[in-house]
Amino acid sequence: MRIPLKSAAELGAMRESGRMTAEVLECVSEAVRPGVTTGELDALTRRVIAGMGAKPSFLGYRGYPAAICISINDEVIHGIPGPRVVRPGDVVSLDVGVYYKGFHGDSAVTVMVGVTDPEVVRLVEAARRALAAAVAAVRPGVRLSDVSHTVEQVVGAAGCSVVRDFVGHGVGRHLHEDPQIPNHGAPGCGPVLKPGMTLAIEPMVNLGRPEVAVLDDKWTVVTRDGKPSAHFEHTVAVLEEGAEVLTLAQRISKL
Ligand code: MF3
Ligand code: CO
């Protein structure tokens, strides 16, 4: 395993692609409402990224046909945008990557559209808190599996389960770099985190059982038990002082 360390200049470029990723995600999140199709949200994603003078990281990656992954309800990740209409009660995960000046940003959020089911709220908040706790665990000297273990602890305490078949990853000049970042595992294992590492941490959390399947479209990952799933992701840099979240938006979103 070779984990690329980024120089100060490279981290500067990743701050730019990271901020753009966050701003795209924020813009598309605000457009998620009943009646919108996932294809319209993909078109919006492409417009916003092109308007920034950047490129979508996902389009064409291993043949992926869109700029964003939109995964609704029992879909865990990698949902392909199309004619599907967003409906009240849906839990919608948006995952986007932006490539700018040679570096990728990668981030995901899950938004609830008129959700009233308290179980779904519990799921989404567990996934959100798992990512926050994982980011807070990142600093030099910590081992990678300490981060994984943190996710598993938070998710388990909320009575939800962690998807084991997909993982987070290093990110930088390539969308997927070493190391792989599982969302479960015993603490104290794996590589020691060092300043200059840039990691995409992405808990995928199921309300029911952890098992998943891939649909015939070869992309969409769904829960086997049909229960809902949530996904959050940030691109994070390891600095001397601790973690810096690169995928945060600059503009003030809500007053
Ligand atoms: N953010 C996801 C990941 O990190 C999505 C990439 S898959 C793609 O793996 F094909 F859509 F690009
Ligand atoms: Co990712």
Side-chain angles (χ1 to χ4, degrees), residues 3-4 6 14 17-26 28-29 38-39 41-46 49 54-72 75-82 84 92-100 103-111 127-128 130-131 134-135 138 144 147-148 151 162-184 197-205 212-222 229-238 243 245-248:
I3 303 178
K6 279 75 179 181
M14 287 201 65
S17 60
R19 173 156 39 81
M20 289 166 142
T21 305
E23 288 174 355
V24 173
L25 206 46
E26 193 170 273
V28 178
S29 309
T38 57
L41 295 170
D42 180 55
L44 173 62
T45 306
R46 294 180 194 226
I49 294 174
K55 291 260 185 309
S57 301
F58 298 175
L59 184 63
Y61 181 84
R62 297 182 182 226
Y64 186 73
I68 187 169
C69 301
I70 306 182
S71 311
I72 301 181
E75 296 173 352
V76 180
I77 48 168
H78 300 171
I80 302 173
R84 181 166 180 174
V92 181
S93 136
L94 307 168
D95 186 353
V96 78
V98 170
Y99 184 68
Y100 185 70
F103 289 91
H104 295 276
D106 189 4
S107 187
V109 293
T110 297
V111 297
R128 196 194 314 276
L131 176 57
V135 169
V138 169
L144 188 64
V147 177
S148 307
V151 171
V162 154
V163 173
R164 292 161 175 257
D165 294 0
F166 293 86
V167 295
H169 51 93
V171 56
R173 291 192 183 275
H174 304 277
L175 179 61
H176 293 148
E177 300 180 348
D178 283 339
Q180 292 197 16
I181 309 176
N183 290 301
H184 67 96
M197 290 180 177
T198 47
L199 309 172
I201 304 173
E202 48 179 319
M204 291 150 265
V205 179
V212 298
V214 181
L215 297 185
D216 286 340
D217 66 16
K218 300 276 177 36
W219 281 104
T220 314
V221 176
V222 297
S229 186
H231 178 213
F232 286 86
E233 176 176 22
H234 271 310
T235 297
V236 170
V238 184
V245 179
L246 300 178
T247 40
L248 291 177

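All ligand and atom numbering here is 1-based and tracks the order in the structure. Numbering starts at 1 and runs along the sequence shown.
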**Report entry** Nearest heavy atoms of Glu202 and Met204, plus distance in Å
**Finding:** O-CE, 3.0 Å
Side chains of [X] and [Y]: closer than 4.5 Å at any heavy-atom pair?
| X | Y | answer |
| --- | --- | --- |
| Val96 | Leu94 | no |
| Val109 | Phe232 | yes |
| Phe58 | Leu175 | yes |
| Val28 | Ile68 | yes |

Report task. Would you please name every residue forming a side-chain contact (heavy atoms from CB on, under 4.5 Å) with Tyr100, sequence neighbours left out? Result -> Glu16, Ser17, Met20, Ala54
Query raised in the report: Should the ring pair His78 and Trp219 be called parallel, tilted or perpendicular, given that the plane angle runs from 0 to 90° and is split at 30 and 60?
Result: perpendicular
Query - Asp178: side-chain hydrogen bond (donor to acceptor under 3.5 Å, both in side chains) partners, not counting sequence neighbours - result: none
Query - Around the Co ion (ligand 2), number of protein N/O/S atoms which are nearer than 2.8 Å - result: 4
Query raised in the report: Rounded to the nearest 0.5 Å, how far does CG of Asp106 lie from CG of Leu246?
Result: 11.5 Å
List, for ligand 1, each N/O atom that has a protein N/O partner under 3.5 Å away, with both atom names and the distance.
{"unit_1": "ligand 1", "atom_1": "1 (N)", "unit_2": "Asp95", "atom_2": "OD1", "d": "3.0"}
{"unit_1": "ligand 1", "atom_1": "1 (N)", "unit_2": "Asp95", "atom_2": "OD2", "d": "2.7"}
{"unit_1": "ligand 1", "atom_1": "1 (N)", "unit_2": "Asp106", "atom_2": "OD1", "d": "3.0"}
{"unit_1": "ligand 1", "atom_1": "1 (N)", "unit_2": "Asp106", "atom_2": "OD2", "d": "3.3"}
{"unit_1": "ligand 1", "atom_1": "1 (N)", "unit_2": "Glu233", "atom_2": "OE1", "d": "3.4"}
{"unit_1": "ligand 1", "atom_1": "4 (O)", "unit_2": "Asp106", "atom_2": "OD2", "d": "3.0"}
{"unit_1": "ligand 1", "atom_1": "4 (O)", "unit_2": "His169", "atom_2": "NE2", "d": "2.7"}
{"unit_1": "ligand 1", "atom_1": "4 (O)", "unit_2": "His176", "atom_2": "NE2", "d": "3.2"}
{"unit_1": "ligand 1", "atom_1": "4 (O)", "unit_2": "Glu202", "atom_2": "OE2", "d": "3.1"}
{"unit_1": "ligand 1", "atom_1": "9 (O)", "unit_2": "His176", "atom_2": "NE2", "d": "2.8"}

